[in-house]
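Whatever order the structure lists ligands and atoms in, that order sets their numbers, starting from 1.
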Amino acid sequence: MSADVAATVAISTARYDVHKVRADFPALHQSVHGVPLVYLDNGATTQKPRAVIEAGTRFYERDCANVHRGVHALSERATRAYNDARTSVQRFINAASSREIVFVRGTTEAINLVAQSYGRPRLREGDEILITELEHHANIVPWQLVARETGAVIKVVPITDEGELRFDEYLRLLGPRTRLVAVSQVSNALGTVNPIRSMIDAAHDQGVPILIDGAQAIPHRQVDVQALGCDFYAFSGHKVYGPTGIGVLYGKEALLDAMPPYQGGGEMIRRVTFQGSQWAPLPLKFEAGTPNVAGAIGLHAAIDYVRAIGLDRIAEHEHGLLEKATSALSDFPGLRIVGTAREKASLVSFVMEGVHPHDIGTILDHQGVAVRTGHHCAMPVMEHFKVPATTRASFGLYNTEEEIDVLVAALHKVREVFHR
Ligand SMILES: Cc1ncc(COP(=O)(O)O)c(C=O)c1O
């Protein structure tokens with residue numbers, strides 16, 4: 001355990017000291033447009049603690065080598081660090097084996113891998129893939145591609161006007177032709193936490209496997225894939241304080257074993273001849289080419305970091321931020337929160353009467369407040385609420401209550417500009 005992580009472990013038993021946490025994140029201590037940065041775009045990506053940045057730098061300064069192929073010292077060190085990173089992910093999500101952890105670029109690649117490698121060989125004309133109206137495009141378009149290739153049909157579970165899944169409709173749509181369910185654990189556009197435990201059970205009652213898009217869940221709550229019982233779980237490193245370009249596909253070993261490779265190349269083979277090739281064992285079968293070694297090492301450092309603080313404590317801190325933001329924005333004149341599910345992760349999407357979200361985002365930016373505006377890669381959600389876009393403030397483990405005050409004050413400025 002590094003000194004940084006040890007220091008954070010020391011605070012994990014004490015009160016949640018957000019200022020101590022913030023001190024670990026260099027990017028937070030800057031000004032933009034002459035004012036201190038208030039970073040509320042964590043749903044898009046999170047800032048990185050020094051431990052993650054230094055883990056990547058250490059790899060490039062000392063251990064930089066390709067993995068699996070060399071007998072020299074650097075290659076052995078790099079290979080060990082890469083394998084350790086896999087074990088850390090296995091423990092983080094409590095997978096039964098590190099063979100079930102496939103390193104990919106991110107959630108998007110993980111879902112495409114399942115669509116092409118699990119879906120394409122199995123799906124027949126008229127088979128159904130069940131998704132929901134809440135999905136990010138990354139959990140819609142890969143299924144559309146595979147549906148077009150196979151003649152399968154996509155069915156969509158609708159949501160209520162609060163942004164909750166219609167569970168009755170889920171049960172109704174889960175039919176004899178359903179071959180796979182793919183659902184997000186947390187909606188990136190609304191923050192809705194879906195009842196995935198019940199969804200997994202219901203899918204399994206029908207003998208249907210289920211993929212969970214965990215991109216927005218993994219930074220906010222403890223995930224235990226064995227307790228959940230899901231068949232696949234996908235997430236991105238950069239949303240959980242790790243580097244960009246690294247992510248994880250968890251899959252039950254028996255399923256991954258039965259799936260053909262997604263891509264061909266080096267690393268993923270046991271033997272190659274011009275007559276044909278044999279695949280490497282799991283998980284390397286799915287990791288063609290030189291992997292993102294530095295990314296995996298950085299993800300390991302990120303996992304150590306959040307585990308040292310404790311996901312339960314992070315969730316509690318973020319819940320406080322969500323409550324404060326929800327209460328402040330509910331009272332804000334002319335502002336409407338989009339997505340008012342009973343259970344939400346720490347983000348608030350909203351629209352303001354007479355002001356386009358892009359204008360809100362620009363005015364907030366000039367006051368140092370970074371939020372996301374747009375459709376959040378969830379156009380069907382925007383369609384449901386009949387809005388072209390929303391403004392989204394999404395909170396992370398380092399955000400403070402004072403930053404919500406800054407957001408609210410900045411929104412008052414927006415109002416002044418547009419309602420003079
Ligand atoms: C719910 C959800 N799914 C999938 C993705 C795609 O993640 P990535 O772009 O890291 O592959 C995102 C990213 O915003 C997301 O929020």
H220 and S346: which non-hydrogen atoms are nearest, and at how many Å?
CE1-OG, 3.6 Å
Give the single entry among E135, R105, H136, Q185 that approaches atom 12 (C) of ligand 1 most closely by any heavy atom.
H136
Are the aromatic rings of Y241 and Y398 close, with centres under 6.0 Å apart?
yes
Can you confirm whether E316 is buried at CD, in the sense that more than 12 heavy atoms of other residues, nucleotides or ligands lie under 6.0 Å from that atom?
no
When you look for heavy atoms under 4.0 Å from ligand 1, do you find them on the side chain of S184, its backbone, both, or neither?
neither
Purely on distance, is any nitrogen or oxygen of H238 under 3.5 Å from one on ligand 1?
yes
For atom 9 (O) of ligand 1, the closest protein heavy atom turns out to be T108 OG1, 3.6 Å
At what distance is the nearest protein heavy atom to atom 4 (C) of ligand 1, and which residue and atom is it?
D213 OD2, 3.4 Å
For atom 16 (O) of ligand 1, the protein heavy atom that lies nearest, with its residue and separation:
Q216 NE2, 2.7 Å
Can you tell me if K252 has over 12 outside heavy atoms packed within less than 6.0 Å of its NZ?
yes
Under 4.0 Å to a heavy atom of S236 - the qualifying atoms of ligand 1, by number:
7 (O), 8 (P), 10 (O), 11 (O)
At less than 4.0 angstrom from any non-hydrogen atom of K239, what atoms of ligand 1 do you find?
12 (C), 13 (C), 14 (O)
Between Y170 and R166, is there a cation-pi geometry (under 6.0 Å to ring centre, at most 45° from the normal)?
no
Donor on one side chain, acceptor on other, E54 and T57, under 3.5 Å:
no
